[in-house]
Amino acid sequence: MLPTHQPLTVKDLDPIGVAATLVGFAGFTVCLWCLIWLGMDKDGRLRSSFFWLAVALIICYAVMLWGLTKA
């Protein structure tokens, strides 16, 4: 790819990639919050929901990265 002197504009972005990035970021943030606050009890032991929250966290992160490559 040859460098150009034209700045990127909103028209250069793919709407599906931007939407996937925003959804992935929001899901990642919510899953991380839930993993920290709901994944462990007050003694620091892992709850049964920890595994599924960790899986959801990884999926949201992958969606966010996929959206960034498309945007």
| request: State which residue, out of L32, I36, L35, V30, fulfils the side chain to side chain contact (heavy atoms under 4.5 Å, CB included) condition with L53. | output: L35
| query | When rounded to the nearest 0.5 angstrom, what distance separates CG in L65 from CZ in F25? | reply | 12.5 Å
| CD1 of I59 to CZ of F28: how many Å apart, nearest 0.5 Å? | 13.0 Å
| So how far is it from F51 CZ to L46 CG, rounded to the nearest 0.5 Å? | 12.0 Å
| message | With a 4.5 Å cut-off on side-chain heavy-atom distances among I, L, V, M, F, W and Y, is there a chain of contacts connecting L68 to L57? | response | yes
| query | Within the distance-only criterion (no hydrogens, no angle test), does the side chain of S49 pair as donor or acceptor with the backbone N or O of G39 below 3.5 angstrom? | reply | no
| Linking I/L/V/M/F/W/Y whenever any side-chain heavy atoms sit under 4.5 Å apart, do V23 and Y61 land together? | no
| task | State the OG1-CG distance between T21 and L13, to the nearest 0.5 angstrom. | result | 9.5 Å
| message | Taking R45's backbone N and O only, do any of them form a donor-acceptor pair with D43's side chain (distance below 3.5 Å, no angle check)? | response | no
| remark: Taken to the nearest 0.5 Å, the spacing of I16 CD1 from K70 NZ works out to 9.5 Å
| task | State, to 0.1 Å, how close A20 and G67 come at their nearest heavy-atom pair, and which atoms those are. | result | CB-CA, 3.9 Å
